[in-house]
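Scroll down for the structure; my scribbles are underneath it.
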Amino acid sequence: MPRRTRREQHRRNQRHKDVLHTAGRHRAHDFRCVGCRLDVSLVAPGTAHRNHCPNCLTSLHVDHRIPGDRAAGCGGRMEPLGLTVRTDGEWMLIHQCLTCARLSANRIAGDDNALALVRLALRPLQDRRVASSALLSMP
Amino acid sequence: MSSDHLAHQHHTTGAAFGIGTFTCVRCGLTVSAKSADGTRRNHCPSCLHSRHVLDQIEGGPSECGARMSPIAIAVLRTGDWTLVHRCVRCGELSSDPVCGDDNQLMLMRMAVRPLADPPFPLEAFGSL
């Protein structure tokens, strides 16, 4: 245990920080994932509206009715719930807010984690009971 | 007697007998509002389409009333399947639990639809 007999030295106050990293500076076009803390650039291959982390596919509930309006007061974490396919064959992620259970859909980006996407696509087929009952009900 | 008067009369008799039916807006099938296990049904068991009557964002009734088509199968933590609907008019999403007497072929078709046309080759996952 250290001895505390030394007199407290005068400590300089912390300097005021005037460099802003996010608002209009070098990290204005980045966000940090709430799930895995990865620093993600908003520039994504294949999409102009990246809203989820390419590594863990987690998103944040910031939009209300219109995508990009930033009017939601929730701010909760949105976990990927499922995958859907557009009529042109494009995959879309469905997110659900863990705070208010709101759903939203977003296109996948070109650098999204393929393993996480395939795990999400295979999730309904993991349970054998449902698959076997579907096969038994076939005519 | 006008047709809407007839419809009103039909509705009241259905409610008086406690039957509670609705007509599917897509395939026209008349289905009972209660499923076999007693839970309230909100989509057609044959074609799985629904109707936008509840506002999912602010709650309460919605004035949209358009058809909602099923787009995805989601799995809850309990392992039960959930059907995700999307309104064809305003694009709002809703999720409803799957009933026991829903069309299993349609459900399975929707579950395997992402794997039919993947955006990347799936052969690489065989070596993992």
Side-chain angles (χ1 to χ4, degrees), chain A residues 46 61 63-67 71-74 79-98 100-115 117-139, chain B residues 45-46 54-59 62 64 68-88 90-128:
Chain A
H61 188 187
D63 291 341
H64 194 51
R65 278 190 198 271
I66 309 158
C74 174
E79 291 273 330
L81 184 71
L83 274 174
T84 177
V85 185
R86 273 194 193 165
T87 49
D88 56 353
E90 202 165 34
W91 281 17
M92 290 187 73
L93 264 175
I94 295 176
H95 283 102
Q96 187 171 33
C97 180
L98 294 185
C100 65
R102 168 87 202 286
L103 298 168
S104 80
N106 187 253
R107 286 175 57 205
I108 61 166
D111 56 350
D112 278 351
N113 190 349
L115 188 60
L117 287 176
V118 171
R119 283 188 66 183
L120 204 60
L122 288 176
R123 206 186 275 174
L125 305 173
Q126 276 181 346
D127 197 355
R128 285 187 202 160
R129 290 175 295 131
V130 192
S132 58
S133 70
L135 286 174
L136 285 175
S137 69
M138 272 171 70
Chain B
S46 170
L54 285 176
D55 195 336
Q56 301 292 328
I57 299 177
E58 265 128 30
S62 167
C64 179
M68 296 185 93
S69 57
I71 58 166
I73 298 279
V75 184
L76 300 178
R77 286 177 189 275
T78 55
D80 296 333
W81 280 17
T82 302
L83 205 55
V84 180
H85 284 100
R86 186 189 180 102
C87 178
V88 295
C90 63
E92 203 169 287
L93 298 171
S94 75
S95 79
D96 313 306
V98 166
C99 288
D101 54 350
D102 280 347
N103 192 343
Q104 296 284 337
L105 204 58
M106 290 283 289
L107 288 176
M108 193 46 82
R109 214 183 112 193
M110 213 159 353
V112 300
R113 198 191 288 167
L115 299 169
D117 189 14
F120 34 80
L122 295 178
E123 284 81 25
F125 292 99
S127 60
L128 286 179

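Proteins get letters first, then strands, A, B, ... in listed order; numbering begins at 1 in each.
For Ala105(A), the parts sitting under 4.5 Å from any heavy atom of chain B are the backbone and the side chain alike. Contact annotation for Ile94(A): only side-chain heavy atoms (C-beta onward) come within less than 4.5 Å of a heavy atom of chain B. Contact annotation for Leu117(A): only side-chain heavy atoms (C-beta onward) come within less than 4.5 Å of a heavy atom of chain B. Only the side chain of Arg102(A) comes within contact range of chain B, judged by heavy atoms closer than 4.5 Å. Only the side chain of Leu122(B) comes within less than 4.5 Å of a heavy atom of chain A; its backbone N, CA, C and O stay farther away. Using a 4.5 Å cut-off between heavy atoms, Ser94(B) touches chain A through its backbone atoms (N, CA, C, O) alone.
Note: Arg86(B) CZ to Leu103(A) CG = 11.0 Å, rounded to the nearest 0.5 Å. Separation of atoms CD1 (Ile71(B)) and CG (Leu83(A)) is listed at 10.5 Å; rounding is to 0.5 Å.
Using cut-offs of 30° and 60° on the angle between ring planes, the pair Trp91(A) and Phe120(B) is perpendicular.
What you find for Met106(B) and Ser46(B) is that their closest heavy atoms are CG-O, 3.8 Å. For the residue pair Arg123(A) and Pro80(A), the shortest heavy atom distance occurs at NH1-O, 4.0 Å. Smallest separation of non-hydrogen atoms from Cys97(A) and His61(A): SG-ND1, 3.5 Å.
A donor-acceptor contact shorter than 3.5 Å links the side chain of Glu92(B) to the backbone of Gln56(B).
Of the residues considered (Leu81(A), Ile108(A), Thr84(A)), Thr84(A) shows the highest number of contacts with chain B, using heavy-atom pairs under 4.5 Å. The residue among Ala114(A), Gly89(A), Ala72(A), Ala121(A) with the most heavy atom pairs within less than 4.5 Å of chain B is Ala114(A). Among the candidates Ala111(B), Ala116(B), Pro119(B), Ala74(B), the residue making the largest number of heavy-atom pairs closer than 4.5 Å to chain A is Pro119(B).
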